Amino acid sequence: MNDCLFCRIVRGDIPARKVFEDDQVIAFHDINPARPMHLLVVPKRHIESLQAVTAADEPVLGRMLAVAKQLANENGSPDGFRVIINNGRVGGQEVPHLHAHLVGGPEPVGPMLKRN
Ligand code: 5GP
Ligand code: ZN
């Protein structure tokens, strides 16, 4: 048993507002939402980030994106959405278990990045 935060959510040791689960991924509401819809789509198997993926992880990466589309339609963002994956120090990743942020809502989410 590891003490990774999202592994603990996957195991049910920590509560989360879960909206989806299958054999490969789970999805739940971000605890600190940045938009009216802000879900996290997470592989059940611990993968630290996209920096750590191997060929064996490719099916679950595809599954994450397919689930994102389904969840956007079901959670108040039918007219589009944004998927963000932060990776490592430069990417600003805070939780070291791969996750896709799925953000949206009725209104456009805004510019992609602030220009430096
Ligand atoms: P990152 O910066 O790693 O891409 O994003 C981590 C996200 O996880 C943040 O948006 C943060 O609000 C969310 N988060 C951190 N701790 C928890 C938690 O215990 N439960 C849930 N549901 N989300 C969390
Ligand atoms: Zn983990």
Side-chain angles (χ1 to χ4, degrees):
M1 292 290 180
N2 65 52
D3 59 5
C4 164
L5 176 63
F6 287 172
C7 283
R8 293 170 75 186
I9 288 176
V10 167
R11 292 198 300 267
D13 295 349
I14 293 178
R17 290 174 58 208
K18 209 183 295 180
V19 294
F20 179 86
E21 178 167 17
D22 69 7
D23 58 326
Q24 295 188 80
V25 306
I26 67 166
F28 48 86
H29 288 271
D30 194 291
I31 205 166
N32 186 20
R35 292 292 182 278
M37 179 189 73
H38 187 166
L39 303 174
L40 300 174
V41 184
V42 178
K44 285 186 163 178
R45 201 163 73 73
H46 182 85
I47 303 168
E48 189 160 317
S49 77
L50 288 179
Q51 296 165 288
V53 297
T54 67
D57 299 316
E58 288 177 14
V60 75
L61 297 178
R63 186 71 189 137
M64 288 168 69
L65 296 180
V67 165
K69 167 230 167 183
Q70 176 187 330
L71 293 179
N73 282 320
E74 293 172 356
N75 289 273
S77 200
D79 294 332
F81 56 88
R82 185 170 295 164
V83 172
I84 301 166
I85 302 179
N86 298 320
N87 294 280
R89 179 181 67 85
V90 170
Q93 183 178 8
E94 291 176 1
V95 176
H97 179 134
L98 179 65
H99 52 282
H101 296 257
L102 175 60
V103 291
E107 302 303 327
V109 297
M112 187 173 72
L113 287 174
K114 284 187 184 143
R115 294 186 188 280
N116 290 328

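Bear in mind the structure is a predicted one, so any value in this text is a computation, not a measurement. Both ligands and their constituent atoms are indexed starting at 1 by order of listing.
Here the shortest heavy-atom pairing between N2 and R11 reads O-NH2, 3.0 Å. Nearest heavy-atom pair across L40 and H99 is CD2-CD2, 4.1 Å.
A distance-only check finds no donor-acceptor pair linking the side chain of R63 to the backbone of D23 [under 3.5 Å]. At least one donor-acceptor pair under 3.5 Å links the side chain of H97 to the backbone N or O of P43. Not one N or O on the side chain of R17 forms a donor-acceptor pair closer than 3.5 Å with the backbone of H29.
Residue H46 approaches the Zn ion (ligand 2) most closely through its N/O/S atom ND1. Distances from the Zn ion (ligand 2) to the N/O/S atoms of H97 are shortest for ND1.
For the pair Q70 and F20, the minimum side-chain heavy-atom distance is below 4.5 Å. Between I26 and I9 there is a side-chain heavy-atom pair separated by less than 4.5 Å.
A distance limit of 4.0 angstrom between heavy atoms and ligand 1 selects the residues L5, F6, I9, F28, H29, D30, I31, N32, L40, N86, G92, Q93, E94, V95, H99, H101.
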